[in-house]
Amino acid sequence: MNDNKAMDIINKIFKNVFELNCPYKIDEVLEKFAFDIKLPKQVLDSTTNEETWADSISSGRFITLENMEKRDTSVGWMLNRQEINNLQDLINIWNSINLTTTERVYDSINVAKSDTIYSCQNVYRSTDCNNCKNIVFCDSCVNSEYLIASQRSNTTAFCIRTDDSKDCSNSYNVICSNKISNSFFIQDCFNLYECMFCSHIANKRFCIANMQFEEKEYFEIKKMIIEWILNS
């Protein structure tokens with residue numbers, strides 16, 4: 001996984017959501033869509049000085065999972081007993097082995113710039129995701145695929161900025177909702193298809209701001225909304 005492969009994923013998602021190729025570079029996608037997502041941060045491995053990515057940076061001292069395992073199988077992590085004259089001596093010894101493990105990736109393939117990833121494939125700069133494929137800039141997503149800047153969501157596909165939601169597809173900016181498809185700017189809704197700017201409603205089609213529209217008129221407005229999203 002690298003920037004180019006991440007952009008391939010982003011383009012596929014944009015085509016499903018907006019029916020257009022992504023007009024942005026990857027850094028612009030991060031700035032425009034994932035500005036508030038908790039993502040791994042770049043730090044340095046304290047043992048090799050190589051770049052790595054960490055979910056938590058509070059400790060200030062790091063080691064990649066790979067380098068931690070290398071030491072574990074070579075010299076090990078046990079120390080020879082040392083003389084301790086005061087509390088500071090003990091803290092200094094502890095600091096020598098107390099490194100935060102980074103890039104913790106388990107049973108996964110093609111993962112980059114990520115931390116705490118489980119049973120995933122094709123992941124770019126994401127954290128705490130499980131059983132996902134083709135995700136970019138995501139946090140705490142499960143059983144999902146083709147996501148950008150989404151968090152705490154389950155069984156979603158081809159979505160951008162889907163938060164605290166389930167069973168969503170081909171949608172943008174969905175919050176705390178279930179069974180949403182082909183929709184934009186949805187909050188606290190259930191079972192919507194082709195709706196925009198709706199809140200607290202269920203079982204609707206072709207609604208805008210909780211108002212019912214005819215299908216033709218709805219899609220005319222949707223074209224303007226897509227242009228506004230991508231150019232604002």
Side-chain angles (χ1 to χ4, degrees), residues 6-26 28-37 121-124 126 129-232:
M7 281 305 307
D8 289 341
I9 293 171
I10 289 169
N11 272 317
K12 288 181 181 179
I13 297 169
F14 264 67
K15 286 179 180 178
N16 275 268
V17 176
F18 301 125
E19 298 183 355
L20 296 168
N21 283 322
C22 177
Y24 311 111
K25 296 178 181 178
I26 194 163
E28 294 171 330
V29 174
L30 173 62
E31 182 178 359
K32 182 174 178 67
F33 298 103
F35 55 89
D36 58 349
I37 308 294
Q121 181 177 340
N122 302 331
V123 176
Y124 184 89
S126 298
C129 293
N130 195 326
N131 196 29
C132 292
K133 295 181 180 179
N134 305 309
I135 60 174
V136 179
F137 304 138
C138 291
D139 173 25
S140 304
C141 292
V142 181
N143 300 323
S144 300
E145 62 179 352
Y146 288 102
L147 300 183
I148 302 170
S150 296
Q151 52 191 344
R152 300 179 306 275
S153 293
N154 193 343
T155 53
T156 54
F158 291 101
C159 288
I160 304 170
R161 291 191 62 79
T162 302
D163 297 350
D164 302 294
S165 297
K166 184 180 179 183
D167 295 334
C168 300
S169 61
N170 305 321
S171 295
Y172 172 71
N173 208 321
V174 177
I175 300 172
C176 198
S177 297
N178 192 357
K179 293 189 177 179
I180 308 298
S181 61
N182 299 72
S183 298
F184 301 160
F185 300 104
I186 304 298
Q187 179 160 278
D188 190 27
C189 291
F190 175 79
N191 194 27
L192 301 187
Y193 172 78
E194 288 291 358
C195 291
M196 298 183 292
F197 300 104
C198 290
S199 300
H200 320 298
I201 61 174
N203 305 316
K204 298 295 181 181
R205 296 161 57 96
F206 309 122
C207 287
I208 302 175
N210 290 24
M211 299 180 290
Q212 186 67 60
F213 283 75
E214 294 296 326
E215 181 176 351
K216 182 179 179 181
E217 186 178 15
Y218 171 88
F219 281 111
E220 289 174 352
I221 296 173
K222 184 175 182 178
K223 290 180 181 179
M224 293 188 293
I225 297 303
I226 290 174
E227 184 177 354
W228 171 71
I229 292 171
L230 299 182
N231 290 289
S232 61

If we only count heavy atoms from C-beta on, is the [X] to [Y] side-chain gap below 4.5 Å?
{"X": "Cys198", "Y": "Leu192", "value": "yes"}
{"X": "Cys22", "Y": "Val29", "value": "yes"}
{"X": "Tyr146", "Y": "Val17", "value": "no"}
{"X": "Phe14", "Y": "Asn21", "value": "no"}
{"X": "Ser169", "Y": "Phe158", "value": "no"}
{"X": "Ile37", "Y": "Phe137", "value": "no"}
{"X": "Ile10", "Y": "Tyr124", "value": "no"}
{"X": "Glu194", "Y": "Arg205", "value": "no"}

Exercise: identify the closest heavy-atom pair between [X] and [Y]:
{"X": "Cys176", "Y": "Ser165", "answer": "N-OG, 3.1 Å"}
{"X": "Ile186", "Y": "Cys195", "answer": "CD1-O, 3.7 Å"}
{"X": "Gln212", "Y": "Cys207", "answer": "OE1-SG, 3.4 Å"}
{"X": "Cys168", "Y": "Ser177", "answer": "SG-O, 4.2 Å"}
{"X": "Asn170", "Y": "Cys159", "answer": "N-SG, 3.9 Å"}
{"X": "Cys129", "Y": "Ser126", "answer": "SG-CB, 4.4 Å"}

Taking 4.0 angstrom as the limit, do Asp164 and Arg152 come out as a salt bridge?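 Yes, charged N to carboxylate O under 4.0 Å.
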
Judged by atom type as modelled, is there a donor-acceptor pair below 3.5 Å linking the side chain of [X] to the main-chain atoms of [Y]?
{"X": "Ser150", "Y": "Asp163", "answer": "no"}
{"X": "Ser171", "Y": "Asn182", "answer": "yes"}
{"X": "Asn154", "Y": "Asn143", "answer": "no"}

Can you tell me how far the [atom1] atom of [X] sits from the [atom2] atom of [Y], to the nearest 0.5 Å?
{"X": "Phe33", "Y": "Arg161", "atom1": "CZ", "atom2": "CZ", "value": "9.0 Å"}
{"X": "Thr155", "Y": "Asn131", "atom1": "OG1", "atom2": "CG", "value": "11.0 Å"}
{"X": "Ile148", "Y": "Leu30", "atom1": "CD1", "atom2": "CG", "value": "11.5 Å"}
{"X": "Asn191", "Y": "Ile201", "atom1": "CG", "atom2": "CD1", "value": "10.5 Å"}
{"X": "Leu20", "Y": "Ile226", "atom1": "CG", "atom2": "CD1", "value": "6.5 Å"}
{"X": "Ile225", "Y": "Phe197", "atom1": "CD1", "atom2": "CZ", "value": "4.0 Å"}

Please confirm whether Phe213 and Phe219 have ring centers closer than 6.0 angstrom.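 Phe213 vs Phe219: aromatic centres not under 6.0 Å.
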
Should we count [atom1] of [X] as having more than 12 external heavy atoms under 6.0 Å?
{"X": "Lys222", "atom1": "NZ", "answer": "yes"}
{"X": "Glu227", "atom1": "CD", "answer": "no"}
{"X": "Glu19", "atom1": "CD", "answer": "no"}
{"X": "Glu31", "atom1": "CD", "answer": "no"}
{"X": "Lys32", "atom1": "NZ", "answer": "yes"}

Consider side-chain contact (heavy atoms from CB on, under 4.5 Å). Of Phe184, Tyr172, Phe206, which one does Met196 pass it with? Phe184

Side-chain donor-acceptor pair present, Thr156, Ser144, cut-off under 3.5 Å: yes

